[in-house]
Amino acid sequence: MQKLQSQGVHHITLVGAGRQTSIDFWEGVLGMPFIFEQPNLDKASESHLYFDPGDGRLITIFTDESRTPEKRRTPTDTGCVHHIAFAVSRVTFVQAVARLDERAIRHSGVKDRGFMDSIYFEDPLGLLIELASYRFEPPAGFTHADVLMQAHKIRVARGDYAIAEVHLADAIQALVERSRSTLSEDRAPKNPY
């Protein structure tokens with residue numbers, strides 16, 4: 001057997017209500033450009049809206065003008081989507097509470113996740129949305145996932161409960177030391193004072 005190797009999320013498709021509800025939320029709240037629309041090629045009564053979440057990939061919504069928003073939480077049964085998280089820069093994240101409040105959108109407030117900060121709220125159809133902001137930048141040539149995997153190894157080796165900022169800092173240092181050479185014979189920490 002061979003794997004079917006994935007190379008990233010291509011798109012996520014959600015079932016929406018009317019067209020304008022989707023445009024107002026995905027573009028009007030989350031700032032995702034509405035890039036194109038066409039019929040749902042499998043169901044003629046629906047339209048298929050495409051939004052760019054900021055990385056050139058796609059969030060798509062099947063809309064139908066006969067459907068109206070149901071303001072109840074979407075199911076979280078086994079096999080269901082619990083939430084979708086979107087990356088936001090730190091400068092956007094620190095303003096998220098105020099920007100949600102000005103629209104009277106109920107939210108969780110800032111949640112400390114150790115390696116990132118999060119805010120949760122529901123879209124107009126009850127889907128839980130997370131705005132997530134990493135607390136670190138990976139070194140050049142590495143991804144956030146590379147840093148998190150290294151931080152996990154460090155955390156486990158130390159017997160710590162969850163990834164914390166110290167694990168991230170040590171992970172970044174380890175990745176840099178492993179990937180960048182030096183002319184120094186000793187790379188150990190020093191105190192030059």
Side-chain angles (χ1 to χ4, degrees), residues 5-17 21-35 48-63 69-139 142-155 160-165 167-169 171-172:
Q5 186 62 55
S6 73
Q7 293 182 260
V9 174
H10 187 282
H11 71 278
I12 296 170
T13 299
L14 304 169
V15 178
T21 299
S22 292
I23 295 168
D24 290 350
F25 179 73
W26 296 99
E27 187 170 48
V29 175
L30 295 182
M32 297 182 187
F34 175 31
I35 59 172
H48 200 175
L49 281 56
Y50 291 74
F51 298 88
D52 177 351
D55 61 2
R57 301 196 190 280
L58 300 167
I59 297 291
T60 76
I61 317 293
F62 288 142
T63 63
E70 295 183 25
K71 302 193 190 275
R72 62 175 167 72
R73 177 69 169 96
T74 56
T76 57
D77 300 329
T78 301
C80 293
V81 173
H82 186 273
H83 69 278
I84 299 177
F86 295 103
V88 294
S89 71
R90 195 80 196 148
V91 294
T92 299
F93 188 87
V94 298
Q95 297 175 55
V97 166
R99 292 181 183 202
L100 290 167
D101 286 348
E102 75 183 353
R103 290 174 171 88
I105 297 173
R106 289 183 335 165
H107 56 81
S108 65
V110 175
K111 299 289 185 181
D112 176 348
R113 300 298 184 223
F115 60 92
M116 67 181 186
D117 292 305
S118 300
I119 295 174
Y120 300 88
F121 61 98
E122 292 178 10
D123 82 347
L125 306 179
L127 176 63
L128 190 62
I129 301 293
E130 175 184 1
L131 301 180
S133 180
Y134 283 117
R135 292 182 174 176
F136 67 96
E137 288 300 318
F142 291 97
T143 66
H144 286 92
D146 295 327
V147 175
L148 289 169
M149 185 172 186
Q150 185 66 39
H152 169 78
K153 291 176 181 178
I154 292 168
R155 174 193 71 81
D160 295 333
Y161 180 68
I163 294 174
E165 291 175 342
H167 305 116
L168 296 168
I172 290 168

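Between T143 and P138 there is no side-chain heavy-atom pair separated by less than 4.5 Å. Taking the side chain as every heavy atom from C-beta outward, D117 and R90 approach each other to under 4.5 Å. L30 places a side-chain heavy atom less than 4.5 Å from the side chain of L131. A 4.5 Å side-chain heavy-atom check between I12 and R57 finds every atom pair outside the cut-off. No side-chain heavy atom of I119 sits less than 4.5 Å from a side-chain heavy atom of V88. Counting only heavy atoms from C-beta outward, the side chains of L128 and E122 approach each other to under 4.5 Å. Contact annotation: the side chain of L14 approaches that of W26 to within less than 4.5 Å [non-hydrogen atoms, C-beta and beyond].
Here the side chain of D123 pairs a donor or acceptor atom with the backbone of G126 at under 3.5 angstrom. The main-chain N or O of T21 is never found under 3.5 Å from a side-chain atom of D24 such that the two would form a donor-acceptor pair. Counting only distance, with no hydrogens or angles, the side chain of D112 and the backbone of G114 share a donor-acceptor pair below 3.5 Å. Put simply, the side chain of R155 gets close to the backbone of Y161: a donor and an acceptor are under 3.5 Å apart.
Here the CD-CZ distance, from E130 to F121, works out to 10.0 Å after rounding to the nearest 0.5 Å. Atom CG in L168 sits 13.0 Å away from atom NE2 in H152 (nearest 0.5 Å). In this structure, CD1 in I163 is found 8.0 Å from CZ in F136, a value given to the nearest 0.5 Å. Here the CG atom belonging to L58 is positioned 11.0 Å from the CZ atom belonging to F51, to the nearest 0.5 angstrom.
Across every non-hydrogen atom of V15 and L125, the tightest pair is O-CD1, 3.7 Å. Minimum interatomic distance between G28 and R103 (heavy atoms only, all atoms of both residues): O-NH2, 3.3 Å. E27 and F34 get closest at one heavy-atom pair: OE2-N, 3.2 Å. In plain terms, the two heavy atoms of R99 and Q95 that are nearest each other are NH2-OE1, 2.6 Å. Closest approach of A171 to A151, counting heavy atoms only: CB-N, 3.5 Å. When all heavy atoms of D52 and G54 are compared, the closest pair comes out as OD1-N, 2.7 Å.
The side-chain contact (heavy atoms from CB on, under 4.5 Å) test with Q150 singles out one residue from V147, I154, L148, and that residue is I154.
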- Item | Verdict with reasoning, F93 to V110, per side chain to side chain contact (heavy atoms under 4.5 Å, CB included) | CA-CA 9 Å; F93 188 87; V110 175; 4.0 Å; yes
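Ring geometry for H48 against F62 counts as tilted: the plane angle lies between 30° and 60°, on a 0 to 90° scale. Classified by interplanar angle (parallel below 30°, tilted 30° to 60°, perpendicular above 60°), the ring pair Y134/H144 is parallel.
Applying the side chain to side chain donor-acceptor pair (under 3.5 Å) rule to pairs touching residues 71-80 yields E70-R72, sequence neighbours excluded.
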